[in-house]
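Lettering follows sequence order; numbering is per chain, from 1.
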Amino acid sequence: MIVQRVCLGKVYDVLLSAYGCQGWWPAETAFEVCVGAILTQQTSWKNVERCISTLKDEGLLSCSAICDAPHRVMEHHLFSTGFYRQKSRRLKDFCKHLQENYRCDEGKLLSRPLDAARHELLSLKGIGKETADSMLLYAGAHPIFVVDAYTCRILSRLHSIPVGDYDAVQTVFHDALPKDMGLYREYHALLVEHGKRTCLKNEPLCENCVLRWICFFGEK
DNA sequence: ACCCAGGTGGCCC
DNA sequence: GGGCCACATGGG
């Protein structure tokens with residue numbers, strides 16, 4: 001199925017007018033984006049916010065501080081994000097990698113050429129495609145589209161794309177849209193906002209939502 | 001008492 | 001290379 005550029009552009013317009021500018025990622029620094037990207041895996045952002053706030057209060061929202069903090073301490077502070085043992089280990093691994101290779105400067109890694117930076121991130125345990133692309137787009141300002149569960153779900157309903165095929169969904173967006181970092185940032189945020197509100201996991205179609213008319217007329 | 005959340009890696013076949 | 005599964009808390 002060939003996806004028309006105008007179609008995904010219209011989806012964007014509808015979502016933007018329905019929900020307004022989201023202004024993602026909700027973080028003060030690039031490092032905070034990276035931490036949030038790891039912590040929000042399979043977890044609601046609400047749970048992550050609590051932990052980020054705690055890390056700030058404890059002076060633990062920096063690469064060197066996280067490297068120095070004992071596992072038990074990190075686990076304690078990451079408790080409410082769920083999977084806190086894994087996330088403590090993986091967050092420390094990520095920070096250790098930054099410390100050993102980039103003197104704790106995540107910008108040095110993220111400003112490498114896109115393919116090289118992405119490959120490097122994906123080599124780290126606990127950083128998969130979505131997490132890597134979130135870091136690259138929102139912390140590294142690279143024009144790469146982030147695909148998450150909502151994105152797959154929404155797009156599969158609009159265009160008969162298999163749910164779960166990250167690369168296929170990402171390619172659709174890359175081919176259909178201008179290579180624009182700001183657009184990619186806002187579009188992904190809008191898809192998440194829309195997904196949270198109306199696209200339930202077990203619903204076959206987006207019924208009674210702002211994209212309903214596109215479900216009928218969007219495929220040309 | 002379920003189902004779900006801004007995933008990922010390790011099995012197994 | 002796809003289909004399960006563990007990882008774990010918090011909210012509806």
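Across the protein-nucleic acid pair, A:Tyr150 atom OH and B:dA5 atom C1' stand 6 Å apart, rounded to whole Å. The CG-P distance, from A:Asn47 to B:dC4, rounds to 17 Å in whole Å. The separation between A:Asp165 atom CG and B:dG7 atom C1' is 16 Å, rounded to whole Å. Look at CD on A:Gln86: it is 13 Å from P on C:dA6, rounded to the nearest Å. Atom CD of A:Glu49 and atom C1' of C:dG11 are 14 Å apart (whole Å). Atom P of nucleotide C:dG1 and atom CG of A:Asp167 are separated by 11 Å, given to the nearest angstrom. Distance A:Leu121 CG to B:dT8 C1': 14 Å, rounded to the nearest Å. One interatomic measurement links the two molecules: NZ of A:Lys196 to P of C:dG10, which rounds to 18 Å at whole-angstrom precision.
Side-chain contact check for A:Gln41 versus A:Gln86: every heavy-atom pair is 4.5 Å or farther apart. At a threshold of 4.5 Å between non-hydrogen side-chain atoms, the residues A:Val33 and A:Ser134 do not count as touching.
The distance from atom CG of A:Leu78 to atom CG of A:Asn47, rounded to the nearest 0.5 Å, is 12.0 Å. In this structure, A:Ser88 OG and A:His77 NE2 are separated by 10.5 Å, a value rounded to the nearest 0.5 Å. Considering CD1 of A:Ile154 and CG of A:Leu191, their distance stands at 5.0 Å, rounded to 0.5 Å. Atoms CG and CD1, on A:Asp133 and A:Ile144 in that order, are 4.0 Å from each other to the nearest 0.5 Å.
Residue contacts for A:Lys125: at a heavy-atom cut-off of 4.0 Å it reaches the sugar-phosphate backbone alone, with no base atom in range. Looking at heavy-atom distances under 4.0 Å, A:Ala189 makes no contact with the nucleic acid at all. Residue contacts for A:Lys87: at a heavy-atom cut-off of 4.0 Å it reaches no nucleic acid atom on any strand shown. Looking at heavy-atom distances under 4.0 Å, A:Ile127 makes contact with sugar-phosphate atoms alone, never a base.
Side-chain N/O atoms of A:Arg85 include none lying less than 4.0 angstrom from OP1 or OP2 on C:dT9. Proximity of A:Thr81 to the phosphate of C:dA8: no side-chain N or O atom is located under 4.0 Å from OP1 or OP2.
When each of C:dG10, C:dA8, B:dA5 is scored by its nearest atom to the side-chain atoms of A:Tyr84, the top-ranked nucleotide is C:dA8. Nearest nucleotide to the side chain of A:Phe83, out of C:dG10, B:dT8, C:dA8: C:dA8. Here the nucleotide nearest the side chain of A:Gln41, chosen from C:dG10, B:dA5, B:dG7, is B:dG7.
B:dA1 sits 22 Å from C:dA8 when the P atoms are compared, rounded to a whole Å.
Within residues 88-102 of chain A, the residues having any heavy atom under 4.0 Å from DNA chain B are, by residue number, A:Arg90.
Residue A:His188 is the one, among A:Leu124 and A:His188, whose nearest nucleotide of DNA chain B lies closer to the 5' end (criterion: closest heavy atom).
A salt bridge (charged side-chain N to carboxylate O under 4.0 Å, His left out) check over residues 85-99 of chain A, counting only residues at least two apart or in different chains, returns nothing. Legend: side chain to side chain donor-acceptor pair (under 3.5 Å) pairs involving residues 183-192 of chain A, not counting sequence neighbours, sorted by first then second residue: A:Tyr138-A:His188.
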